[in-house]
Amino acid sequence: KSPSRSLGRAVAPFLAMASFEVSQEPNGEAGAGANRPCAGRRASAGDDVPRKTVMDKMRRASMAAYLAEAQGVKSLDSDGSTGSSPSASFKEREGITRKEAWSNMVLALIGVMVCLLPNIMSKSGYLLAPLLLLLASLVVIRMGKLICEACELVEETRGSAPGSVKSYEDLAKAVGMYKILLVSKNTVILATVLVAEKFLIDALSGLLPKPMKLSKSVLRWFFIFPAVCLMALLKDLTQLSKYAWVGLVGMTVQLFGLVGGCLLGCFTERDRSYSMLPPEGSTIPGMAGITLSAFIFAFAILATVPSVRAQMQKPQEIPQALRDAIGFTVILYEVIMLWGYFAYGEDVSENFTQDIAAAFPVFGMLPSLGLLANVAITAPLFFYCFFSVIEATGTDAIRTQGTRPNTVARVSLVLVLTLFGWIIPGILSLIGVFSSVFCVCNNLFFPIFFYHRLRRQTEHPVSALDLGLNVATAFLGVLVFVYGLQGSLETLWKEMESVGKPTKDTIDAVNKTLSI
């Protein structure tokens with residue numbers, strides 16, 4: 001059996017690189033593992049390992065593999081069996097290096113969330129936002145360490161080799177939390193698809209010249225809805241493999257456009273105002289909760305840690321790779337957040353690529369084009385993984401790929417998500433609702449619970465320092481859950497009430513016209 005194709009892509013709340021393998025039987029037909037995502041592959045000592053190009057290294061798996069492993073997909077050893085043998089020589093492991101793991105996670109973290117950062121600062125204030133981003137990053141790094149230690153405890157109990165825990169789901173099974181984790185994670189997948197659809201609309205709007213501008217409702221129903229339906233009908237991930245480079249280039253173009261937009265925005269004359277704390281009408285606890293939940297959503301790749309760890313040549317190096325990746329990304333986040341806020345002020349749009357497109361119509365097409373390519377390659381992966389979970393639960397017509405009921409179900413889900421996105425105008429409040437409940441569970445509550453449950457099962461004592469830090473983290477999670485959910489729902493309600501009402505810019509334009 002040999003891998004025939006691989007797909008690398010950054011996946012957004014949350015982007016990452018993915019590697020998909022299609023195994024072939026001797027007769028040329030796809031075997032049982034065909035078109036199924038795999039977390040990685042270990043080569044035996046006798047295998048000829050081809051020289052990897054830079055692009056091959058960038059295609060190593062993380063987010064999409066972790067999503068796909070919800071279906072119970074396991075990586076293949078060189079003999080075609082699943083799992084790894086405890087007696088396997090460490091030198092025989094063929095996997096990604098610490099540097100490759102770092103680059104994958106950085107690519108996963110630099111995604112659509114970066115477009116929201118200046119607006120997040122405008123709503124929470126230039127004092128709170130940088131501090132909360134730093135706090136979220138430190139907490140996520142520690143939770144990643146707990147996940148790695150939990151994986152080691154499971155492997156110790158099983159007597160298996162390091163890296164044999166291949167996914168977050170595998171870890172959840174060890175403590176009897178598999179179904180709960182599956183529900184929580186797949187809810188986040190649907191929320192991510194919903195957010196991705198909103199970014200697609202914004203990106204397409206930014207590409208249209210001013211004389212050809214269309215309303216977002218027209219773009220949503222006549223352009224984005226049909227396109228997303230096609231994404232949802234994807235049945236074979238190899239169909240996307242030849243377009244992997246589009247996503248990588250798109251992400252690079254998007255980032256370059258955002259940085260250039262910040263630079264150009266600093267030299268334009270506009271009325272700018274800044275606030276140290278949340279603006280009038282918002283409470284500090286509520287906005288702090290929304291902001292923290294958004295940052296936790298941005299670091300949702302934490303759930304990919306077991307998958308990336310299972311693919312590394314030295315699994316024990318994953319905590320350092322995660323720390324370095326998050327540290328690098330936080331610096332980039334802070335720079336873009338502060339710079340974008342300084343350039344466009346408190347009135348910066350929720351997706352500030354729209355401000356760049358409005359102020360610089362030609363250059364503004366750059367970040368919009370990158371965003372469009374980025375999300376267009378990302379969304380099908382989420383759809384594929386979500387539907388694979390559902391279809392794995394049965395063999396009736398609605399859960400069988402290619403049947404009419406299955407096609408109707410897929411299109412119906414897209415219709416529901418599109419209607420939901422049409423009703424809910426904001427992005428940040430939507431992220432806050434889902435993140436404060438489900439991402440907080442995935443990134444904070446579950447790692448702590450898994451760690452302590454496994455410590456108790458293996459009779460390993462927990463130090464007083466670790467216990468204190470974990471209690472403090474759990475308390476922070478409760479605060480984010482309460483205030484983040486409450487603040488997001490209140491903001492969501494206000495946004496829905498304001499739909500159809502004239503905006504401040506519209507009122508100012510009318511007043512200016514009347515004064516003339």
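Just the heavy atoms: all of them, side chains too, but no hydrogens, waters or symmetry mates, feed the values below.
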Open item on the list: Donor-acceptor pair, distance only, cut-off 3.5 Å: does the side chain of Tyr341 make one with the backbone of Ile120?
Closed with: no
TODO: Can you measure from CD1 (Ile301) to CG (Leu109) and round to the nearest 0.5 angstrom?
DONE: 3.5 Å
Open item on the list: Give me the atom names and distance for the closest heavy-atom approach of Ala310 to Lys166.
Closed with: CB-CA, 3.8 Å
Open item on the list: I need the minimum non-hydrogen distance between Leu338 and Pro130, along with the two atoms involved.
Closed with: CD2-CG, 4.3 Å
Open item on the list: Has Ser436 got a side-chain atom pairing as donor or acceptor with Val433's backbone, closer than 3.5 angstrom?
Closed with: yes
Open item on the list: For the aromatic rings, using the six-membered ring if either is Trp, is the centroid distance between Phe450 and Tyr168 under 6.0 Å?
Closed with: yes
Open item on the list: Checking the side chain of Asn186 only, and the main-chain atoms of Phe386 only, is there a donor and an acceptor separated by less than 3.5 Å?
Closed with: no
Open item on the list: Can you confirm whether Pro118 sits close enough to Tyr344 that some side-chain heavy atom of one is under 4.5 Å from a side-chain heavy atom of the other?
Closed with: no
- [ ] Report yes if some heavy atom in the side chain of Ile448 is under 4.5 Å from a heavy atom in the side chain of Tyr451; otherwise report no.
- [x] no
Open item on the list: Under a 4.0 Å threshold between the charged nitrogen and the carboxylate oxygen, would Glu350 count as salt-bridged to Lys123?
Closed with: yes
Task: CZ/Phe363: more than 12 non-hydrogen atoms of other groups inside 6.0 Å - done: yes
Open item on the list: Quick check with a 6.0 Å cut-off and a 45 degree axis cone: is Arg410 positioned over the face of Phe387's six-membered ring?
Closed with: yes
Task: Among Thr353, Leu258, Val253, Leu371, side-chain contact (heavy atoms from CB on, under 4.5 Å) partner for Leu366 - done: Val253
Open item on the list: So does Gly250 get a backbone contact from the side chain of Asn374, meaning a donor-acceptor N/O pair under 3.5 Å?
Closed with: no
- [ ] Find the distance between CZ (Phe445) and CE (Met177) and round it off to the nearest 0.5 Å.
- [x] 11.0 Å
Task: Reference residue Val140; test side-chain contact (heavy atoms from CB on, under 4.5 Å); the match among Val330, Leu444, Leu302 - done: Leu302
Task: Between Ser463 and Asp466: side-chain donor-acceptor atoms closer than 3.5 Å - done: yes
- [ ] Please check if the side chain of Ser488 supplies one atom and the backbone of Leu485 the other of a donor-acceptor pair under 3.5 Å.
- [x] no
Open item on the list: Assess whether a salt bridge exists between Glu149 and Arg455, defined as any Lys/Arg side-chain N lying under 4.0 Å from an Asp/Glu carboxylate O.
Closed with: yes
Task: Donor-acceptor contact below 3.5 Å, side chain Ser184 vs main chain Ile180 - done: no
TODO: Return yes if a side-chain donor-acceptor contact under 3.5 Å exists between Ser205 and Gln354, otherwise no.
DONE: no
Open item on the list: Let's go through Glu197 and Thr418 carefully: what are the C-alpha distance in whole Å and the side-chain angles of both, what is the deciding distance for side-chain hydrogen bond (donor to acceptor under 3.5 Å, both in side chains) to 0.1 Å, and is it a yes or a no?
Closed with: CA-CA 8 Å; Glu197 191 177 76; Thr418 305; 2.9 Å; yes
Task: Side chains of Ser349 and Asn351, donor plus acceptor under 3.5 Å - done: no
Task: Criterion side chain to side chain contact (heavy atoms under 4.5 Å, CB included) on Leu153 and His460, from CA distance to verdict - done: CA-CA 9 Å; Leu153 291 171; His460 285 72; 4.0 Å; yes
Task: Inter-residue atom distance Leu171.CG - Cys148.SG, 0.5 Å rounding - done: 10.0 Å
Task: For the student: nearest non-hydrogen atoms of Ala294 and Ser435, plus distance - done: N-OG, 4.5 Å
Open item on the list: Looking at Thr97, is its backbone amide N or carbonyl O close enough to the side chain of Glu100 to form a donor-acceptor pair, meaning the two atoms are under 3.5 Å apart?
Closed with: yes
Task: Residue pair Phe383 / Val414, side-chain heavy-atom distance below 4.5 Å - done: yes
TODO: Output yes when a side-chain donor or acceptor of Thr304 lies under 3.5 Å from a complementary backbone atom of Ser307, and no otherwise.
DONE: no
Open item on the list: For Asn442 versus Leu181, what's the shortest heavy-atom pair and its separation?
Closed with: OD1-CD1, 3.9 Å
Open item on the list: Around atom CZ of Phe328, are there more than 12 heavy atoms from other residues, nucleotides or ligands closer than 6.0 Å?
Closed with: no
TODO: Heavy atoms only: give me the nearest Thr187-Val183 pair and the separation to one decimal.
DONE: OG1-O, 2.7 Å
Task: Side-chain heavy atoms of Val195 within contact of Lys198, under 4.5 Å - done: no
Task: Qualifying residue, where the test is side-chain contact (heavy atoms from CB on, under 4.5 Å) with Ile318 and the options are Arg309, Gln311, Lys145 - done: Arg309
- [ ] Rounded to the nearest 0.5 Å, what's the gap from CG on Leu479 to CG on Leu292? Could you check?
- [x] 9.0 Å
Task: Nearest atoms (heavy-atom pairs only) where Arg98 meets Met312 - done: CA-CE, 3.7 Å
Task: Val154 vs Val175, side chain to side chain contact (heavy atoms under 4.5 Å, CB included): CA-CA, chis, key distance, verdict - done: CA-CA 9 Å; Val154 172; Val175 295; over 6 Å; no
Open item on the list: Quick check against the 3.5 Å criterion: does Glu155 have a side-chain atom that pairs as donor or acceptor with the backbone of Ser160?
Closed with: no
Open item on the list: So, applying side-chain contact (heavy atoms from CB on, under 4.5 Å) with Arg142, which one of Val139, Leu146, Leu138 is it?
Closed with: Leu146
